[in-house]
Amino acid sequence: MDPVRIDRQAGGITLAVFAVLLMIALLFFAKMLMQEAEGKLNKQLSIAALLGASDSRLDTALANFEAVNKRLPCPANGSIASGALNAGVETLQVGSGLCNPANQSNGVLPWVTLGISENDALDPWNGRITYRVQPALASNLLRLMNMSWCDPAGTPSGASGQALACTAGCAGNTCMNPLNFLYSKGLKVQDGASGWLNQSTPAWPGSSPPPPNSSGAAYVLISHGPTGAGAFNSFGLLQAGTVTVGANESANLNNQALLGTTIFIDMAINNSASTAHFDDYLSHPTLTDVLGRVSLGARTPH
């Protein structure tokens, strides 16, 4: 047999085998890329359903709590590991029932208090959902999340409604005006570019404009996104993240005090590895939306 022909046949077989192996490798990597893309899409859809819909399970859990308790829950301490004492339990002060602003430094959604599972309080990247609320709205003493006795017939006085509640049994203009009830309540949220998403006075009394500038957020829920920067995980550890924290993400980070001047940012996703990076997802319904959802809003004018 011709040795040259044998060599050519062997070479042809080798090339064919190599081509088949190359094709298999390309198909394998293509499948991996498709699975990765599909995984990212599924997580984006999941976080949109978790925080982007008015009927999400988290907003529903908070609404159910509010309907029963006439207040919002205080945050849980995110630095407590899963299964440890008080993990997922709101941090109300013992005795007074107040939600101290300092308790929100590590604040996460209190899944035990809300009667949901810990998995329900995690985002698709296994970060605990950061939770912020004006302390007065979570007070077990004041129970301010009830505007059902407020009446538009009441005259707005421009005075702070921070410590005021609508009085049961009032009628017409003797009732508190809804604008006064809302005055100085709620949290500030901006879009990071053009201005306000939720306009409100500071989170507690300070330099406050008069009504009707009172459309603050009842609460703010934050997923810190794929990079996880500023989120607590189930071990109670604060995650540093996989990229540099963007300038507009800094106010949303956990492990910092909630101040009257705190402004949360909700803006378009920016995946660049720069100071413009932003991959947070937020939910921040207004006070009027939350109160109306559980039928605790102001009376309808007649």
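Treat the numbers as computed from the prediction; the structure is a model and nothing was measured. Here, residue 1 is the first one in the sequence, and each next residue gets the next number. Computed from heavy atoms alone, side chains included, the values below leave out hydrogens, waters and symmetry copies.
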query = Where is the tightest heavy-atom contact between V133 and A218, given as atom of each residue plus distance?
reply = CG2-O, 3.6 Å
task = Identify the two heavy atoms, one from S234 and one from R128, that lie closest to each other, and give their separation to 0.1 Å.
result = O-NH2, 3.3 Å
query = Do the non-hydrogen side-chain atoms of L187 and H284 ever get within less than 4.5 Å of each other?
reply = no
message = Could you check whether any side-chain heavy atom of L238 comes within less than 4.5 Å of a side-chain heavy atom of F232, counting everything from C-beta outward?
response = yes
key: Separation of N64 CG from N69 CG (nearest 0.5 Å)   = 10.5 Å
inquiry  = Quick one, L141 and R71 - any side-chain contact, counting heavy atoms below 4.5 Å?
reply    = no
key: Residue pair T288 / L291, side-chain heavy-atom distance below 4.5 Å   = no
inquiry  = Taking the side chain as everything from C-beta on, heavy atoms only, tell me whether K188 gets closer than 4.5 Å to T262.
reply    = no
request  = May I ask you to list the residues sharing a hydrophobic cluster with L253, side-chain cutoff 4.5 Å, ordered by chain and number?
outcome  = V245
query = With side chains defined as the heavy atoms from C-beta onward, is the minimum distance between I116 and L58 less than 4.5 Å?
reply = yes
Step-by-step side-chain hydrogen bond (donor to acceptor under 3.5 Å, both in side chains) determination, N146 to S148 = CA-CA 6 Å; N146 182 6; S148 57; 2.7 Å; yes
ask   = Considering all heavy atoms of both residues, which atom of Q256 and which atom of A251 are nearest to each other, and what is their separation?
value = NE2-O, 3.3 Å
ask   = Do L137 and K185 have side-chain heavy atoms sitting under 4.5 Å apart?
value = yes
inquiry  = Would you call the rings of W125 and Y281 parallel, tilted or perpendicular, taking 30° and 60° as the class edges?
reply    = parallel
key: Minimum heavy-atom distance between D279 and T227, given as atom pair plus value   = OD2-OG1, 2.8 Å
query = What do you reckon, C99 and C74 SGs under 2.5 Å?
reply = yes
request  = Apply salt bridge (Lys or Arg N to Asp or Glu O under 4.0 Å) to E66 and list each qualifying residue two or more places apart in sequence or on a separate chain.
outcome  = none
ask   = Can you tell me how far CG of L144 sits from CG of L72, rounded to the nearest 0.5 angstrom?
value = 10.0 Å
Atom pair CG/CG of L182 and N177 - distance to nearest 0.5 Å = 9.0 Å
query = Hey, quick one: are L114 and V294 part of the same hydrophobic cluster, counting side-chain heavy atoms closer than 4.5 Å, chains of contacts allowed?
reply = yes
query = Which atom pair, heavy atoms only, marks the closest approach of A231 to H224?
reply = CB-CD2, 3.4 Å
task = May I ask you to check if the distance between the SG atoms of C150 and C175 is under 2.5 Å?
result = no
query = How many angstroms lie between CG in L98 and OG1 in T91, if you round to the nearest 0.5 Å?
reply = 11.5 Å
task = Rounded to the nearest 0.5 Å, what's the gap from CG on D120 to CH2 on W111? Could you check?
result = 11.5 Å
Nearest-0.5 Å distance that lies between atom CG in L92 and atom CG in N140 = 6.0 Å
message = Could you go through T244 and H277, starting from their C-alpha distance and side-chain angles, then the distance that decides it, and tell me whether this counts as side chain to side chain contact (heavy atoms under 4.5 Å, CB included)?
response = CA-CA 8 Å; T244 302; H277 181 271; over 6 Å; no
query = What pair of heavy atoms forms the shortest contact from N254 to S105, and how long is it?
reply = OD1-O, 3.1 Å
Pairwise side-chain contact, D59 with R293, heavy-atom cut-off 4.5 Å (strictly under) = yes
